[in-house]
Amino acid sequence: MTTKPNPATERAPEAIAGALLTWFDAHGRHDLPWQHPRTAYRVWVAEVMLQQTQVATVIGYFNAFMAHFPDVHTLAAASNDDVMAHWAGLGYYARARNLHAAAKAIVAEYAGEFPRTVDELMALPGIGRSTAGAIAAQAFGVWAPILDGNAKRVIARLAALEAKPGTSAYEKPLWQLAERYTPRVRVIDYTQAIMDLGATLCTRSRPDCERCPLADRCHAYANGSQTRIPAPRKRAKRPQHETRVLVVMDEANRVLLEKRPPAGIWGGLWSLPEVAVDADISVLCERRLGLSVENVRELQPIHHGFTHFELRIHATRVQAGDRARIMDASLQWFAATARPGVPAPIAKLLDSPQQTLAL
DNA sequence: AAGCCGGGGTG
DNA sequence: CACCCAGGCTT
């Protein structure tokens, strides 16, 4: 059968890249922290932090991370707790776990020198096709397509691709076009340029097509479909969950924290011990923590919204009796001033003046 | 193909 | 409040 040719695929790809690069020289972002200096290690850490996380949010974390883990050897040799603490608040904590594992692999298998091919990069934990392409292109100038959220939006509009995001009918042609448009020269700048265009002009809502260097080649702009491409993803209503955490204080005003299992919500982070909502606190503390408690007091519940569910967190504060001995390695006392990174809502609770952790 | 994984920005 | 963000991994 005959299919209508897609205008975006017919055009000379060099013209797209050329127009984009000319625009980039004048209007692109040239002062992002990971661009100066642009080492493979810094590009890699930045790319992982930037997965599903906005640039403005990442910058502060990136600078702090680099100050503490200046190179891949330092990162590989660090403790998991130290790495997780520097990720606390960023979310998607599997990224930090994978980052640490990948650092160890790069030291062990590559003597600390990053591999330069997409396939080798993709074999490292936490690096998928798009991130591998970004590292290869930006760190080494190796030709490789990227397809992050920005590039997807730009290319989908160029091609007026109406397929539903998340389906292969959407992803496959996008990768094909991403390869076609990626030039053999100036791959570092091109990779940055298409992301910058998506971040500054070809935005999800209210794209500024009047200033777009690709407007005269954009099929969506030509037929006025740019505001409904890509189609929004309908999300199921978020279920409501409840849980309870314990704020256990000892005589020295230290608080008891629990290292969470690697998988699941807040995986690998230290948090307040989580118990059943209707738990008998005294009995539970005696049996699970091996300590007697006094001054059991209910605190103000806090509410936290996740992407896929909402959580109402009840909090019970108790004072640990004498001779409190915590045997479990996943439970540890921490001073308020020297505690590890904890999830954002827990940090908020612990830092809240009204909670007044002191008894 | 669909679900899981966070916290913050934006309209 | 809805939707998204320099996605990847698991099932």
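Per chain, numbering begins at 1; letters A, B, ... match sequence-line order.
Within the 4.0 angstrom heavy-atom criterion, no nucleotide atom of any strand lies near A:G166. When heavy atoms are screened at a 4.0 angstrom cut-off, A:E171 is found touching no nucleic acid atom at all. Within the 4.0 angstrom heavy-atom criterion, only backbone atoms of the sugar-phosphate kind lie near A:I265; the bases stay farther away. Among the protein residues, A:G89 comes within range of the sugar-phosphate backbone only, with heavy atoms under 4.0 Å from sugar or phosphate atoms but none that close to a base. Using a 4.0 Å heavy-atom distance criterion, A:I146 is classed as making no nucleic acid contact. Nucleic acid contact for A:A94: none, since no nucleic acid atom lies under 4.0 Å from a heavy atom of the residue. Residue A:R206 is classed as having no contact, given no heavy-atom separation below 4.0 Å to the nucleic acid.
Rounded to an integer number of Å, the gap from CZ of A:R260 to C1' of B:dC5 is 12 Å. Following rounding to the nearest Å, A:F309 (CZ) and B:dG6 (C1') show an atom-to-atom distance of 9 Å. In this structure, the NE2 atom of A:H303 is 15 Å from the C1' atom of B:dG6, given to the nearest Å. In this entry the distance linking CE of A:M195 with C1' of C:dG7 reads 13 Å, nearest Å. Regarding A:W87, its CH2 atom lies at a distance of 13 Å from the P atom of B:dG7, rounded to whole Å. Atom P of nucleotide B:dA1 and atom OH of A:Y170 are separated by 15 Å, given to the nearest angstrom. The CZ atom of A:F306 sits 7 Å away from the P atom of B:dG6 (whole-angstrom rounding). Across the protein-nucleic acid pair, A:W266 atom CH2 and B:dC5 atom P stand 12 Å apart, rounded to whole Å.
Nearest to the side-chain atoms of A:H308 among the listed nucleotides B:dG7, B:dC4, C:dC4 stands B:dC4. Which of C:dA6, B:dG7, B:dA1 sits closest to the side chain of A:P343 comes down to B:dG7. Nearest to the side-chain atoms of A:Q192 among the listed nucleotides C:dA6, B:dG6, B:dC5 stands C:dA6. Set against B:dG7, C:dC5, B:dA1, the side chain of A:R153 has C:dC5 as its closest nucleotide. In the set B:dG7, C:dC3, C:dG8, the nucleotide with an atom closest to the side chain of A:P232 is C:dC3. For A:Q54, the side-chain atoms get nearest to C:dC4 when compared with the rest of B:dC5, B:dG6, C:dC4.
With A:W143 as the aromatic partner, A:R184 meets the cation-pi criteria of under 6.0 angstrom to the ring centre and within 45 degrees of the ring axis.
DNA chain B lies under 4.0 Å from at least one heavy atom of each of the following residues of residues 26-53 of chain A: A:Q52, A:T53.
Side-chain contact between A:I188 and A:R38 is present, with at least one heavy-atom pair separated by less than 4.5 Å.
Projected onto DNA chain B by closest heavy-atom contact, A:K164 and A:A56 fall at different nucleotides, the more 5' of which corresponds to A:K164.
Under 4.0 angstrom from either OP1 or OP2 of C:dC4 there lies at least one side-chain N or O belonging to A:R235. For the pair A:Y92 and C:dC9, the criterion of a side-chain N or O lying under 4.0 Å from OP1 or OP2 is not met. Neither OP1 nor OP2 of B:dG7 sits under 4.0 Å from any side-chain N or O of A:T307.
Classified by interplanar angle (parallel below 30°, tilted 30° to 60°, perpendicular above 60°), the ring pair A:F306/A:H304 is perpendicular.
As rounded to the nearest Å, B:dG8 and C:dG8 have P atoms that lie 22 Å from one another. Rounded to the nearest Å, the gap between the P atom of C:dC3 and that of B:dG3 is 16 Å. A gap of 24 Å separates the P atoms of C:dA6 and B:dC4, to the nearest Å.
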| request: Output, in order, the C-alpha distance, side-chain angles, deciding distance and verdict of side-chain hydrogen bond (donor to acceptor under 3.5 Å, both in side chains) for A:D119 and A:T117. | output: CA-CA 5 Å; A:D119 285 344; A:T117 69; 5.9 Å; no
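A 6.0 Å sphere centred on NE2 of A:H314 holds more than 12 heavy atoms belonging to other residues, nucleotides or ligands.
Classification of A:E274 and A:R260 as a salt-bridged pair holds, one side-chain N sitting under 4.0 Å from a carboxylate O.
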